[in-house]
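Because the structure is a prediction, the values reported are computed rather than measured.
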Amino acid sequence: MLRNLNIQNFTLVRELDIEINDGMSVVTGETGAGKSIMLDALALTLGSRADASLISIDSDRAEIIATFDISGNKSARQWISERELQDEDTCILRRVLIRDGRSRAFINGSPSTLSDMSQIGSLLADIYSQHEHQSLLSLETHKRLLDEYGVHTDLTSEISELCREFKDKESRLQQLISTSGEESSKLQLLEYQLEELKAIGVTAGETKGLEAEQKRLSNAEDIRFRCNQALKLCRDNDTNNVNAMLVHAIDHLAIIDDENLTNVVELLRSSQIQVEEAIHDLQSALDKFIVDPEKLTEVETRLSSIYDIARKHHVETDQLPELTKRITKEIDTLKNASAEVVTLQVDLEKLRKKYLATAKQLTNKRRSTAKKLQSAVTNKLWELGMSEADFGVQLKPKTPESLYANGAEDVEFLVSTNNKQPNRPLAKIASGGELSRISLAIQVVTADTSQVPTLVFDEVDVGIGGAIAEVVGSLLKNLGTKTQIVCVTHLPQVAAQGHHHLQV
């Protein structure tokens, strides 16, 4: 509920801080004293259009802050929480008007768009007045009040979700269809590339192995020559080789019985063993270094093919196996797109049928609820002194080809204040005073189901007096036991019923 309204440099008000209580608060004062200023200021925090002419004449800016306690307002709490606007129990709406025509809006201290401020404002308060921010003239308000009165919440939520799901799938289908031509060409190209990659069949690590083999084969003659020279020095020069000389050295020293030479002999024997092992390993390596021009040509041809295809795809040679996997996966995705189109078409048809069936249920409930609401509001208007009034609720079917998040029809409130005239849209026939009484009648009837916790009535008693004024006051007081009421009035019969009294 509205707890505080702070107004600075707004029309006649230099600075004003008002605490608003539960129940029915009445606002009274002489004509022209400025009673409606408070409502105009509140309307700005609820998202109405700003006008620089509302700024006090000797100031460059005006500021209005409305503080709401939303601890018991589930819809508002959810809205605040979804947007991570800090305090979930309090909603502070701040509006700043600047002389150059600019306007700024804040929700819980965070800069906001006027659209967002209007959205949260519609969950916090409704103003019923003779001014342009009269919410009862909105068709969305008509639909909301009818659905709340008929407790259609489950159906409206289901329809909204079905519509959202349908739109998402429809958008995905259109995307697939619009790109089908491009995807077909892309698929052909990818399939050609994959065939080329599979034909060459590069395996992980293959390039490095081929490069090492190419290096060995191209240097095979030089390697064999050097290995043979080493073998001659170690083994093949009769007795003039490393191994033979080590054997002779050992023989000469082994016959000497001297402790100082024992370690030397052991070292020479170890060296001779190592030389023999080196000769064995060198011979094995030499056997592998075969001069094979044909094999060299084969390896170089293979490497050239790998280098060429890597350059073609702008990747390193060792990335070719991963590229093959990636192209294969992309081809599968594109092929699955055709199957997805069929699946989406089937899903959309099912969703459409389910939506139409659910929307039909809601339409039937709305028709039934409309009859009850018409009768109840008409009776209440009679109590308010509008004895010739007739209230109607019209369901206007929308274009059947489309799906709508709020149902298959618009809802519009109609009224006739003279039984000789047909019912017409509320905005076209009601005077300011009549509109306020009609608003009161509707709110009294829907009080138990309305989700808006704060209702503001501006001069609901225009053009009435006597016993009818007593009835208006009594109805407002009763309404104040169920929701927060702020009422601007000229009549003592209404003012006397208030739980709280503000004098301007």
When you compare the side chains of His499 and Ser25, does any donor N or O come within less than 3.5 Å of an acceptor on the partner? no

Checking the side chain of Arg99 only, and the main-chain atoms of Ser53 only, is there a donor and an acceptor separated by less than 3.5 Å? no

I'd like to know if Lys312 pairs up with Glu196 as an ion pair, taking the criterion as any Lys NZ or Arg NE/NH1/NH2 lying under 4.0 Å from an Asp or Glu carboxylate oxygen. yes

Would you call Val346 and Thr343 a side-chain contact if the rule is heavy atoms closer than 4.5 Å? no

Can a salt bridge be assigned to the pair Asp89 and Arg77 using a cut-off of 4.0 Å between side-chain N and carboxylate O? yes

Thr328 side chain to Thr324 main-chain N or O, any donor-acceptor pair under 3.5 Å? yes

Just so I know, are the side chains of Leu475 and Val472 near enough to count as touching, which here means a heavy-atom distance under 4.5 Å? no

Write down the atom of Phe391, the atom of Ile442, and the distance for their closest heavy-atom approach. CE1-CD1, 3.9 Å

Asp308/Arg311 ion pair, N-O < 4.0 Å: yes

Looking only at heavy atoms, the pair that brings Phe10 and Ile64 closest together is CD1-CD1, 3.9 Å

Got a donor-acceptor contact below 3.5 angstrom from the Arg3 side chain to the Asn21 backbone? no

Has the side chain of Lys143 got a donor or acceptor atom that lies under 3.5 Å from a matching backbone atom of Glu409? yes

Quick one: does Val26's side chain get under 4.5 Å of Leu476's, heavy atoms only? no

Distance-only side-chain donor-acceptor flag, Glu19 / Asn4, under 3.5 Å: yes

Rounded at 0.5 Å granularity, tell me how far CD in Gln497 sits from CG in Leu479. 13.0 Å

Quick one: does any side-chain atom of Thr156 pair with a main-chain N or O of Thr153 as donor and acceptor, under 3.5 Å? yes

Can you tell me how far CD1 of Ile55 sits from OG1 of Thr11, rounded to the nearest 0.5 angstrom? 11.0 Å

Would the distance check show the side chain of Gln193 and the main-chain N or O of Ile327 forming a donor-acceptor pair, the cut-off being under 3.5 Å? no

Pair Arg144 + Glu140, salt bridge at N-O below 4.0 Å: no

Could you check Leu145 against Phe413 for side chain to side chain contact (heavy atoms under 4.5 Å, CB included), going step by step and ending with a plain yes or no? CA-CA 10 Å; Leu145 289 171; Phe413 290 168; 4.0 Å; yes

Pi-cation contact, Trp79 with Arg83 (under 6.0 Å, within 45°): yes

Sidechain N-carboxylate O distance under 4.0 Å for Arg172, Asp168: no

Hey, what do you get for CG (Leu44) to CE (Met117), rounding to the nearest 0.5 Å? 9.5 Å

Can you tell me if Asn73 uses its side chain to pair, donor with acceptor, with the backbone of Ala76 under 3.5 Å? yes

Looking at Ser110 and Leu85, would you say the former's side chain and the latter's main chain have a donor-acceptor pair under 3.5 Å? no

How close do Glu63 and Ile65 get, counting heavy atoms only, and between which atoms? OE2-CD1, 3.4 Å

Taking side chain as C-beta onward, heavy atoms only, is Ile70 less than 4.5 Å from Leu124? yes

Starting from the C-alpha separation in whole Å, work towards a yes-or-no answer on side chain to side chain donor-acceptor pair (under 3.5 Å) for Gln345 and Glu349. CA-CA 6 Å; Gln345 288 171 334; Glu349 186 57 31; over 6 Å; no

Using a distance-only test with no angle check, is there a side-chain donor-acceptor pair under 3.5 angstrom linking Arg14 and Ser56? no

Side-chain heavy-atom pair Leu351, Glu165 within 4.5 angstrom cut-off: yes

What distance do Ile127 atom CD1 and Leu455 atom CG have between them, rounded to the nearest 0.5 Å? 10.5 Å

Please check this pair: side chain of Ser122 against backbone of Gln119, looking for a donor-acceptor N/O pair closer than 3.5 Å. yes

CG on Asp69 to CD on Gln484, rounded to 0.5 Å: 9.5 Å

Give a yes or no on this: more than 12 heavy atoms of other residues, nucleotides or ligands lie within 6.0 Å of atom CZ of Arg104. no

Identify whether the distance between the nearest side-chain nitrogen and carboxylate oxygen of Glu195 and Lys198 falls below 4.0 Å. no

Rounding to 0.5 Å, atoms CD1 (Ile92) and CG (Asn6) come to a distance of 11.0 Å

Please report the shortest heavy-atom distance between Leu93 and Thr45, naming the atom on each side. CD1-O, 3.1 Å

Given 3.5 Å as the limit, does a donor-acceptor pair link the side chain of Gln319 with the main chain of Glu316, or not? yes

For Asp390 and Asn419, does a side-chain donor sit closer than 3.5 Å to a side-chain acceptor? no

